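Quick notes on the structure that follows.
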Number of protein chains: 2
Amino acid sequence: MPDPVQDAATPPAPAKPAPARAAGSITMHDVARRAGVSLKSVSRVINREPHVSDKLRTKVEQAIAELDYVPDTAARSLAGARSFIISVLFDNPSPNYTMKLQAGAYRACVDHQYHLRIDRIDSARPDAEIVAELAALLRNGRCDGFVLTPPLADIPVVLDFLQAQGVRHVRVAPENPSAQAPGVGMDDTGAGAAVARLLWRAGHRRFGVITGPANHGAAARRRLGFLAALAELGHRGHVAEANGGFAFEGGIRAGAQLLASQPRPTAIFATNDDSAAGALVACAQAGLTVPQDISLCGFDDSWVARSVWPYLTTVYQPIEEMGYAAATLLMDRDGSDAPPLRQMPYRLVERDSIAPPPHEI
Amino acid sequence: MPDPVQDAATPPAPAKPAPARAAGSITMHDVARRAGVSLKSVSRVINREPHVSDKLRTKVEQAIAELDYVPDTAARSLAGARSFIISVLFDNPSPNYTMKLQAGAYRACVDHQYHLRIDRIDSARPDAEIVAELAALLRNGRCDGFVLTPPLADIPVVLDFLQAQGVRHVRVAPENPSAQAPGVGMDDTGAGAAVARLLWRAGHRRFGVITGPANHGAAARRRLGFLAALAELGHRGHVAEANGGFAFEGGIRAGAQLLASQPRPTAIFATNDDSAAGALVACAQAGLTVPQDISLCGFDDSWVARSVWPYLTTVYQPIEEMGYAAATLLMDRDGSDAPPLRQMPYRLVERDSIAPPPHEI
DNA sequence: GCGACAATTGACAACGCTGACAAGTGCAGG
DNA sequence: CCTGCACTTGTCAGCGTTGTCAATTGTCGC
């Protein structure tokens, strides 16, 4: 029950005045006096407004530096149009992903003197409820924009609502980049292709793919890129596939399935690390040693990639960079430079789970 | 280079006015008018100040409910002593731990109409630098208090500085609870003992322990609790020990070491999940099947506990609850109810890595 | 029923900053 | 030298809330 006035049931005790504001903290007045200019001029310099002479700017910046002045966010927010808060809206249950994204967004906020808020919305609920939640969020504490993480970045009702409300938002790894809101993502297709080339170069010719959730676009692109690159490299045979649902247990099942297919693959590409870890177990259960008997490649370079043996060769997804870029996009608003999708570079992380295929017997 | 006035090198483009404040949003004035009382009375009700008659309170609360009023944080912070922001200060590289703690703190903030800030400090640096960082944090954006996560919660210079500055703080899993700052933690000793009893009941009589980093107090307590309970249960033999450093790779080495000791343990207690996962690998490399040939118990119930096969039996650490409790302690300041340490309950999570010992041959 | 005292309520000035608008300044062209 | 215009700089009134202090009410003892 959202009670705007705290929870009436448990009076949180009368607040004793506390030292929130450093007493006698220096303000814009001090800077203005020191620089011998007006208040507004200091404000102009701080906000990089146009029509400020170099001389004045220099004077003010020097005074700011000398006094070690830091503008008060609360006052700026109260007086102006900005709140100096952006929010990362997430639903992704993966702590690894969320944490990294958030870390990147946080860095961006620090760089821009913003605060980062975290909000969660359950994307599985009916549209109407999602909108209601969103509206509550908006009312409850204003913010200058949202970083939308998947799958939130692809829910039409979310996008439409935000647009209708005129709230800025950036989509992370959007399924269908559009001009309406900028997005940051990575080239999943290219990364899938890179995995294919890596495996091919190692000498593999019989492949298996562990696919992801049906509605997960990135997983589909990784698979497609992999398959396309294989075809381009001259591969003609059948590629076995099994769905691992991006989960450990699903990876075990899918791995076992792939191992049972004829002819048995010598290399398996799992479209995320969790399912790759599961596949690793399946291999062990089948009496196969990775990478001597069979090679395995994951995707994400998540925590689990180094919590299994052998360490997983995988694709580093620049999640933190995406968080940084998305947050920056939100704050560096000059209003119009919105490329539909900015792609961050992925990177192959070669560890120990890939080797040349065993000799045929 | 911390530049208070954004980065001079890359002008973030002149900010175009944006819709931060929902236009025509309702304020305290509206509530006051509707309830037919003064502004200050509304303020009193909202802040649960004393000396408010029930009649007035009822009137105001009704008006608030009818108007769906939400106080403006920026204005409150500007006018009053509180900033309505608390910060989780962390250095713990484990995304799992940090994420959970943060999630708990976040929930608490939502419940109290606060914002959560995240700050990071490198605890490995010299004391002087740590203090400088802390001071910068304090100056840069005020907040009403810090949640100190380990190992930050045990650095004397951090504690002293915060106390000297009069900034409230709560310690999470503190090494030496003191009356100076409240702490929340868990009973590591008791949890270690619980593991011992579980293994003993399963029939094990030869044990090994994978210890944690030397300076990690919780790891030491887990070990001690385990050992003490064993002694109490009547165990007299030697308990093999090896240091796993709380890491996967360290766990592999420590596991191998333990497996080589004579007589070989039939059950191993790893003081965290990562090293337990490593031990699992060591067992596999030694040709031992878990849990048929050897039992293994982890600690933390972290993500990896379900990313290995078999799933690890482990101890659930109420990290999120600790985050919630710590944040709540910061916000429910009535100034004096500070128990040195509030212990949150742990829970044994029995999964698949423990079984009765194999028959002697 | 009166004064003293406590409990309750209200008026009003900050809090630190920005937006709108006014005022100055310098330069080209007449 | 003056006018007009573009560029700079300054003045001032809030933004929505809380702290201070004064004003109003209610209560109690005698």
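All of these numbers come straight from a predicted model, not from anything done at the bench. Throughout, a chain's letter reflects where its sequence line sits, starting with A, and its residues are numbered from 1.
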Atom pair distance, as rounded to whole Å: CG in B:Asp54 and P in C:dT8 = 9 Å
Across the strands shown, which category fits A:Val52 at heavy-atom distances under 4.0 angstrom: base, sugar-phosphate, nothing?
-> sugar-phosphate
Whole-Å distance separating the CG atom of B:Leu56 from the P atom of D:dT25 = 14 Å
Under 4.0 Å between a side-chain N or O of A:Ser38 and OP1 or OP2 of D:dT9?
-> no
Mind calculating the distance between OH (B:Tyr69) and P (D:dT17) to the nearest angstrom?
-> 3 Å
Side chain of A:Lys40 (C-beta onward), nearest among D:dT11, D:dC7, C:dG10 = D:dT11
Could you state the atom-to-atom distance from CG of A:Leu78 to P of C:dC17 in whole Å?
-> 12 Å
Please report, rounded to the nearest Å, how far the P atom of D:dT8 is from the NZ atom of A:Lys55.
-> 13 Å
What's the closest nucleotide to the B:Glu49 side chain, out of C:dT8, D:dT9, D:dG19?
-> D:dG19
Nearest-angstrom distance from the residue atom CD1 of B:Ile64 to C1' of D:dT17 | 13 Å
Donor-acceptor pair, side chain of A:Thr328 and main chain of A:Tyr324, under 3.5 angstrom = yes
Could you check which of C:dT18, C:dC17, D:dT9 has an atom nearest any side-chain atom of A:Ser43?
-> C:dT18
Which nucleotide in D:dT17, C:dG10, D:dT11 has an atom nearest any side-chain atom of B:Arg44 | C:dG10
What is the distance, rounded to the nearest whole Å, between atom CG of A:Asp72 and atom C1' of D:dT17?
-> 13 Å
Residue-phosphate contact under 4.0 Å: B:Ser53 side-chain N/O, C:dT8 OP1/OP2 = no
Main-chain N/O of A:Ser83 paired to A:Asp144 side chain as donor or acceptor, under 3.5 Å | yes
A:Leu152 versus A:Phe146: any side-chain heavy-atom pair under 4.5 Å?
-> no
Per atom distances to the A:Val37 side chain, the nearest of D:dG16, C:dT18, D:dG10 is D:dG10
When you measure from the side chain of B:Ala79, which nucleotide among C:dG10, C:dC17, C:dC15 comes out closest?
-> C:dC15
Hey, does B:Arg76 have a side-chain heavy atom less than 4.5 Å from the side chain of B:Asn47?
-> yes
Give a yes or no on this: more than 12 heavy atoms of other residues, nucleotides or ligands lie within 6.0 Å of atom CZ of B:Arg342.
-> no
Please determine, for the side chain of A:Met28, which listed nucleotide (C:dC15, D:dT18, C:dT18) has the closest atom?
-> C:dT18
Value in whole Å for how far the C1' atom of D:dA6 lies from NE2 of A:His51 = 9 Å
